[in-house]
Amino acid sequence: MKINNGRAWAEIDLSAIRHNARLFSEMVGKDCKVVPVVKANAYGHGDIEVTKALNEIGYDFFAVATAHEGQRLRVNGITGEILILGYTALQDLEIVVANDLIQTVLCEDYAEMLESFGKPVRAHIKIDTGMHRIGFDFSDIEHIERIYKSNVIKAEGIYTHLCASDSPEQSDIDFTNLQKDKYFSVVNALREKGINVGLTHIQASYGMMNYPEIKADMARLGITLYGVLSDMNNTLRYEKPDIHPALSLKARISMVKDLQKGETVSYGRLFTADKNMKVATVSIGYADGIPRDYAQRGAFVLVNGHKAAVIGRVCMDQFIIDVTDAGEVKQDDVAVIIGKDGDAGISVEEVAQRCGTISYELFVRLNCRVDYVYINK
Ligand SMILES: *Cc1c(COP(=O)(O)O)cnc(C)c1O
């Protein structure tokens with residue numbers, strides 16, 4: 001199907017998202033529930049559409065970062081459980097309760113704040129096993145135990161987060177195994193005291209791929225739900241699962257023109273034509289999520305299956321490409337920034353590598369102004 005859309009758009013293949021979710025559900029086995037992580041507008045893929053597509057095939061437990069993200073899902077008819085992975089301020093706890101969301105308990109001080117709210121709040125307890133971001137220190141059994149006995153905080157689960165599970169370095173493997181051991185030392189200590197700890201979870205995408213031997217009740221599926229890895233250099237400890245990228249990013253060519261040798265392109269005149277050239281303007285810019293230094297990073301796009309280098313500074317709403325060797329290019333042709341064009345393709349991992357970041361960041365930059373087109377609903 002040729003999609004004939006407007007100025008700039010992200011094309012999201014929902015069948016790829018369903019495929020990836022099912023693939024990981026099979027990987028972790030039937031005793032573990034895959035929890036799709038749909039924070040930050042489902043990593044820029046559109047939270048409502050993505051979560052609905054997963055709800056329809058039976059996924060009934062989701063994770064978000066904020067109370068407002070959880071509320072948005074509820075308002076749009078998402079059923080099942082929704083866990084907030086981060087901090088919610090006192091003034092927003094009403095949103096948590098009113099929408100039947102599950103709040104993470106960050107630490108003892110945070111627990112006291114939750115209790116001061118007065119109304120019962122469903123919760124999962126976060127344990128810090130080495131990331132030092134949020135969570136009770138793993139050795140603080142006394143306070144963790146207290147939370148399970150609170151009249152206000154209804155603890156239904158306990159989890160931790162791995163901070164180096166994507167690394168094949170032996171020192172990181174040792175560290176990750178230590179995190180796992182610290183986590184289970186807490187869980188076992190609580191169980192020995194006769195406490196029902198509720199749902200256990202540790203792994204995110206890389207934890208599932210690199211530490212499949214970890215057994216817990218749930219696993220949180222983020223980046224690989226969207227069918228990609230963090231970056232090109234990622235070395236997995238086992239064979240890469242057959243994930244399918246869900247997102248393509250495309251924009252319309254607004255104008256094609258000739259450039260004479262010696263003429264310059266865009267703000268600051270960073271690019272000078274060293275010969276007579278044909279250039280084209282693409283209608284997407286840094287306000288849409290394209291890094292401003294894209295050309296200086298050696299980026300290119302695909303036009304009619306040909307590579308076309310990005311030249312000069314990326315502007316807020318548009319950038320310019322060299323189409324001298326890209327065949328017949330005309331106004332309204334489509335430039336592929338991420339995705340396939342005939343036999344050629346540009347992966348988000350490749351773009352991330354070029355831009356000195358990870359695919360996560362490129363995805364979440366995307367959500368402000370591009371159109372969203374969903375295929376294979
Ligand atoms: C974002 C997040 C995830 C998802 O991680 P991926 O690497 O994208 O799979 C899981 N757990 C927590 C606590 C997170 O913040």
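Each ligand, and each atom within it, is numbered from 1 in the order the structure gives. Values reported hereafter were calculated over all heavy atoms of this structure, with side chains retained and with hydrogens, waters and symmetry mates removed.
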Could you tell me how the ring of Tyr43 sits relative to the ring of Tyr360: parallel (under 30°), tilted (30 to 60°) or perpendicular (over 60°)?
-> tilted
Tyr159 and Thr104 side chains, donor-acceptor separation under 3.5 Å = yes
Would you say ligand 1 has an N or O under 3.5 Å from any N or O of Tyr360?
-> yes
Find out whether Pro291 and Leu362 are in side-chain contact, i.e. whether some heavy atom of one side chain is under 4.5 Å from a heavy atom of the other.
-> yes
For Ser205, the atoms of ligand 1 under 4.0 Å from one of its heavy atoms are 6 (P), 9 (O)
Tell me which part of Ile223 gets within contact of ligand 1: side chain, backbone, both or neither, using heavy atoms under 4.0 Å.
-> both
What is the nearest protein non-hydrogen atom to atom 5 (O) of ligand 1, stated with its residue, atom name and distance?
-> Ala204 CB, 3.5 Å
Any salt bridge between Lys257 and Glu263, counting N to O under 4.0 Å?
-> no
Of the listed options (His201, Gln203, Lys39), which comes nearest to atom 14 (C) of ligand 1 when hydrogens are ignored and any heavy atom counts?
-> Lys39
Please could you name the atoms of ligand 1 that Leu85 approaches to less than 4.0 Å, counting only its heavy atoms?
-> 12 (C), 14 (C), 15 (O)
State, yes or no, whether a side-chain contact exists between Arg72 and Val64 at a heavy-atom distance under 4.5 Å.
-> no
Using the six-membered ring of Phe300, assess whether NZ or CZ of Lys307 lies under 6.0 Å from its centre and within 45 degrees of the ring axis.
-> yes
Minimum-distance protein heavy atom relative to atom 10 (C) of ligand 1 = Arg220 NE, 3.4 Å
Mark yes or no: Arg354 above the aromatic ring of Tyr294, with NZ or CZ under 6.0 Å from the six-membered ring centre and no more than 45 degrees from the axis.
-> no
Who's the nearest protein heavy-atom neighbour of atom 13 (C) of ligand 1, and how far?
-> His161 ND1, 3.7 Å
Heavy-atom distances under 4.0 Å are what count here, so tell me which part of Arg133 touches ligand 1: side chain, backbone, both or neither.
-> side chain
Judged by heavy atoms only, the candidate from Tyr43, Phe24, Tyr226, Tyr206 nearest atom 8 (O) of ligand 1 is Tyr43
